[in-house]
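Given the structure is predicted, the values throughout are model-derived calculations rather than measurements. Within every chain, numbering begins at 1; the chains are lettered A, B, ... in the order of the sequence lines, protein sequences first and strands thereafter.
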Amino acid sequence: MSDASKVVTRYAPSPTGYQHVGGARTALFSWLLARHFGGTYLLRIEDTDLARSTEDAVHKLVEDLQWLGLNWDNKELVFQSKRLDVYNKLIDGMIAKGQSYKAWETPAELEESWKAAGKAKRQYVYRRTEVTAEQVKQYEAEGRAHVVRFAMPVKDYRFDDAVVGPGQGVAADQVQDFVIRKSDGMPTFHLAVVVDDAEMGVTHVLRGQEHLLNTVNHIALQEALGYQRPVYAHLPVILAGDTGAKLSKRARDQKIRQRAHEWIRSAKKTAAELAEMSGIAADRLEEWLTNDKKQLDLSEQPEVMKAIGLREHDLPEIMVRDFRKNGYLPEVLNNFLALLGWSPGGDRERMTMAEMVELFSLEGVGKANARFNREKLVAFNKEAVAAATPERLLAGFRDYLKANPESPVNRGDDGMLTKLLGMKAGFRLFREVDEQARFLFLRDDEVMYEAAAVEKVLKKNEGEGARMLRELKGVFEALAEWTAGAIEGVMNEFAAVRQVKLNNVAQPLRVAVSGGMVSPPIFQSLEMLGRDATVRRMERALSV
RNA sequence: GGCCCCGUCGUCUAGAGGCCUAGGACACGGCCCUUUCAAGGCCGCGACACGGGUUCGAAUCCCGUCGGGGUCACCA
């Protein structure tokens with residue numbers, strides 16, 4: 001604070017749920033800028049919207065930001081809702097000076113004049129209406145609510161944006177008096193950001209481009225309150241990779257609905273049947289199906305997904321939490337997010353956090369909106385995971401499992417997980433390792449046999465697969481040592497003698513022990529499973 | 001619709017008048033390898049939105065057209 005040249009940035013989310021990737025990138029850039037210049041990065045919670053803010057959301061937000069490693073420098077989180085006295089004092093001061101005033105229009109009245117302007121093909125601009133002292137007395141007597149508006153000095157407002165460019169803003173005929181205190185007594189975002197940024201000594205404000213024009217309100221307020229103007233940098237928007245539309249929190253729900261409709265059509269089912277299968281009241285499900293404004297609860301989504309055969313990975317990741325649950329490394333997400341709108345120049349792409357800190361600059365931030373390309377993120381993750389030390393990998397996998405407590409792989413000890421990670425070398429997401437390896441951690445009777453796998457691999461060709469299993473069982477029981485190498489040797493020999501491809505032996509075995517057609521490399525899997533379990537599952541498969 | 005911003009391969013981008021017959025990454029196609037899924041190796045396809053200027057010379061500067069986005073709240 002004493003050093004005026006120090007960079008101070010901040011990320012100021014409003015707590016409405018898990019952290020969105022768009023916000024995460026804003027946080028990342030703010031963090032990178034501060035760290036690059038050895039400055040300070042702060043986190044502030046903008047909870048002035050009483051209706052939407054929840055304490056639970058604050059926890060989720062904080063958890064996601066911590067997961068990304070974007071540590072903030074303020075020991076205590078700043079909550080705007082706890083700073084009402086500060087804002088009110090300033091607001092009252094501005095009222096006394098005539099810079100702000102109480103406005104008494106009801107929402108209905110405002111809407112009416114807004115509509116009238118629309119009809120007259122005129123842009124709606126709020127104009128201060130003269131109210132006599134008598135009228136005010138009457139309003140107060142009838143308990144009418146009021147807001148406080150800022151009396152915006154009418155003039156052109158221009159500012160230089162570090163990303164968008166110089167000369168941004170609006171002309172005088174577009175400015176209007178905006179609300180700074182709502183009728184519930186809370187300050188609006190406009191007032192609160194300006195005050196807090198000034199008091200926290202914020203020097204660089206990074207935010208999404210949707211805030212570009214709000215900046216003129218903020219500048220006017222800064223001028224009225226005698227604050228310094230920070231450097232503004234408005235970041236381009238991140239769009240959905242598939243549709244090119246805005247990345248919205250509803251995208252996952254929409255995807256589930258779309259697939260539910262497809263499922264009903266192709267499986268010749270009804271909505272009622274789907275409701276029954278997923279344990280949701282029929283009328284509620286029906287409403288969700290036909291009204292895309294409705295969303296399923298987080299607890300209902302997995303049930304419907306299970307019923308229609310939709311997997312977690314089929315849904316677009318929108319929240320930081322989604323990425324964690326699908327098994328991406330946080331440093332990879334950061335790297336990828338950084339490249340959405342920023343480039344260090346040249347061919348440089350893969351960077352550690354430290355390298356990004358070193359290379360980051362606002363000059364490298366582009367102006368054009370960017371689409372979120374999940375395939376590239378997956379490829380980045382694959383590379384990072386292939387290059388990671390066993391320790392980093394294990395920690396990452398443990399973190400993934402923590403986010404997926406229902407996975408039976410949680411039962412494994414560190415030694416087993418490390419071994420498993422080694423077996424699956426070349427994997428892209430932890431989720432793949434988890435889903436393919438679950439059978440190794442199940443009890444024999446928990447293994448579910450996929451109908452398609454049984455049909456294709458065991459029953460086809462007059463039960464050739466099953467016959468292989470029967471014969472192989474004896475070979476396994478007689479095997480001297482139970483190691484991957486020994487199993488491989490004996491199976492190759494077995495296939496050679498019978499003049500069949502190894503695949504014809506390996507696949508039935510895979511189905512027998514895992515229930516499905518994909519697994520980690522089979523020899524090592526069997527070694528980990530153990531001879532007893534392997535033989536038991538072969539017997540069980542044969543009896544089913 | 002008004003105002004504002006943006007526009008290089010399918011996608012993210014490099015490019016700040018000659019280094020560009022436009023570079024990289026991901027995706028995609030082909031071949032090889034392979035016990036499943038992956039992974040890996042080699043080769044390949046692929047863009048300066050369009051039209052006018054300025055200039056000896058333009059992806060880079062100017063104008064227009066078209067396309068995309070943002071914003072017009074007592075939400076942030």
Q: Could you give the distance separating B:G29 and B:C72 at their C1' atoms, to the nearest angstrom?
A: 47 Å

Q) Using atom C1' of each nucleotide, how far apart are B:G10 and B:C48 to the nearest Å? A) 16 Å

Q.
Applying the Watson-Crick and G-U wobble criteria at under 3.5 Å, what pairs with B:G46? Answer none if nothing qualifies.
A. none

Q: May I ask you to decide if A:Asp196's main-chain N or O and A:Arg83's side chain share a donor-acceptor pair within less than 3.5 Å?
A: no

Q | Atom-pair distance (CG on A:Leu337; P on B:U13), nearest Å | A | 12 Å

(Q) With a 4.0 Å cut-off on N to O distance, would you call A:Asp160 and A:Arg229 a salt bridge? (A) no

Q.
Strictly below 4.0 Å, N to O, side chains only: are A:Lys60 and A:Asp56 in salt-bridge contact?
A. yes

Q) Base, sugar-phosphate, or nothing for A:Ala425, non-hydrogen atoms under 4.0 angstrom? A) base

(Q) The test is salt bridge (Lys or Arg N to Asp or Glu O under 4.0 Å); show your working for A:Glu464 and A:Arg498 and say whether it passes. (A) CA-CA 12 Å; A:Glu464 188 197 340; A:Arg498 260 147 271 251; over 6 Å; no

Q: Could you work out the separation of B:U21 and B:A58 based on their P atoms and round it to a whole Å?
A: 12 Å

**Q.** Salt-bridge present (A:Lys419, A:Glu527; N to O < 4.0 Å)
**A.** yes

Q | P gap between B:G24 and B:C45, integer Å | A | 12 Å

Q) Taking atom C1' in both B:G17 and B:C56, what distance in whole Å separates the two? A) 12 Å

Q.
Applying the Watson-Crick and G-U wobble criteria at under 3.5 Å, what pairs with B:U55? Answer none if nothing qualifies.
A. none

Q) Given atom CG of A:Leu340 and atom C1' of B:U11, what is their separation to the nearest angstrom? A) 10 Å

Q. In whole angstroms, how far is the P atom of B:U13 from the CZ atom of A:Phe372?
A. 12 Å

Q | Pairing nucleotide - B:A14, Watson-Crick or G-U, each distance under 3.5 Å | A | none

Q.
Could you check, using the six-membered ring where one of them is a Trp, whether A:His146 and A:Tyr101 have ring centers closer than 6.0 angstrom?
A. no

Q: State plainly whether the residues A:Arg44 and A:Glu199 are in salt-bridge range, i.e. N to O under 4.0 Å.
A: no

**Q.** Whole-Å distance separating the CG atom of A:Asp347 from the P atom of B:G24
**A.** 7 Å

Q. Which whole-number value in Å describes the distance from A:Lys382 NZ to B:A25 C1'?
A. 12 Å

Q: Identify the nucleotide, in any strand shown, that forms a Watson-Crick or G-U wobble pair with B:C33, with both distances under 3.5 Å; if there is none, say none.
A: none

Q) Just how far, in rounded Å, is C1' of B:A25 from CG of A:Asn381? A) 16 Å

Q: Run the salt-bridge test on A:Glu109 and A:Arg144 with the 4.0 Å N-O cut-off and return the result as yes or no.
A: yes

**Q.** B:C20 - base-pair partner by Watson-Crick or wobble geometry, distances under 3.5 Å
**A.** none

Q. Heavy atoms under 4.0 Å, any strand shown: does A:Gln507 hit a base, just sugar-phosphate, or nothing?
A. sugar-phosphate

Q: Measure the distance from CG on A:Asp173 to P on B:G2 and round it to the nearest whole Å.
A: 14 Å

Q: Could you encode protein contacts along nucleotides 60-76 of chain B as a string, one character per nucleotide from 5' to 3', using B for base contact, S for sugar-phosphate-only contact and - for no contact, with a heavy-atom cut-off of under 4.0 Å?
A: ---------SBSSSBSB

Q. If the C1' atom of B:U8 is compared with that of B:A25, how far apart are they to the nearest Å?
A. 15 Å

(Q) Measuring from the side chain of A:Val164 (C-beta onward, heavy atoms only), which nucleotide among B:G2, B:C5, B:U36 has the closest atom? (A) B:C5

Q | Paired nucleotide for B:G1 [Watson-Crick or G-U wobble; both distances under 3.5 Å] | A | B:C72

(Q) From C-beta outward on A:Asn373, which listed nucleotide comes closest to its side chain: B:C12, B:U11, B:A38? (A) B:U11

Q: For A:Phe336, report the nucleic acid contact type (base, sugar-phosphate, nothing); a contact means any heavy atom under 4.0 Å.
A: nothing

Q | C1' spacing across the pair B:A27 / B:C66, given as an integer number of angstrom | A | 28 Å

Q.
Salt bridge or not between A:Lys255 and A:Asp314? Use side-chain N to carboxylate O under 4.0 Å.
A. no

**Q.** Residue whose closest nucleotide on RNA chain B lies nearer the 5' end, A:Asn492 versus A:Ala370
**A.** A:Ala370

(Q) What's A:Arg371 touching, base or sugar-phosphate or nothing? Going by heavy atoms closer than 4.0 Å. (A) sugar-phosphate

Q. Between B:U35 atom P and A:Glu493 atom CD, what is the distance in whole Å?
A. 17 Å

Q: With heavy atoms under 4.0 Å as the rule, sort A:Gly341 into base, sugar-phosphate or nothing.
A: sugar-phosphate

Q. B:C66 pairs with which nucleotide, Watson-Crick or G-U wobble, both distances below 3.5 Å?
A. B:G7

Q) A:Ile522 side chain: which of B:A25, B:U35, B:A27 is closest? A) B:U35

(Q) Could you tell me how far B:C3 sits from B:G46 if I compare only their C1' atoms? Round to whole Å. (A) 38 Å

Q.
If you assign each of A:Leu377 and A:Gln524 to its closest nucleotide in RNA chain B, which residue comes earlier from the 5' end?
A. A:Leu377

Q | Under 3.5 Å donor-acceptor pair, A:Lys376 side-chain atoms to B:C12 base atoms | A | yes

Q | A:Glu317 with A:Arg374: basic N within carboxylate O range, under 4.0 Å | A | yes

Q. Touch check for A:Pro236, heavy atoms < 4.0 angstrom, all strands: base, sugar-phosphate only, or nothing?
A. nothing

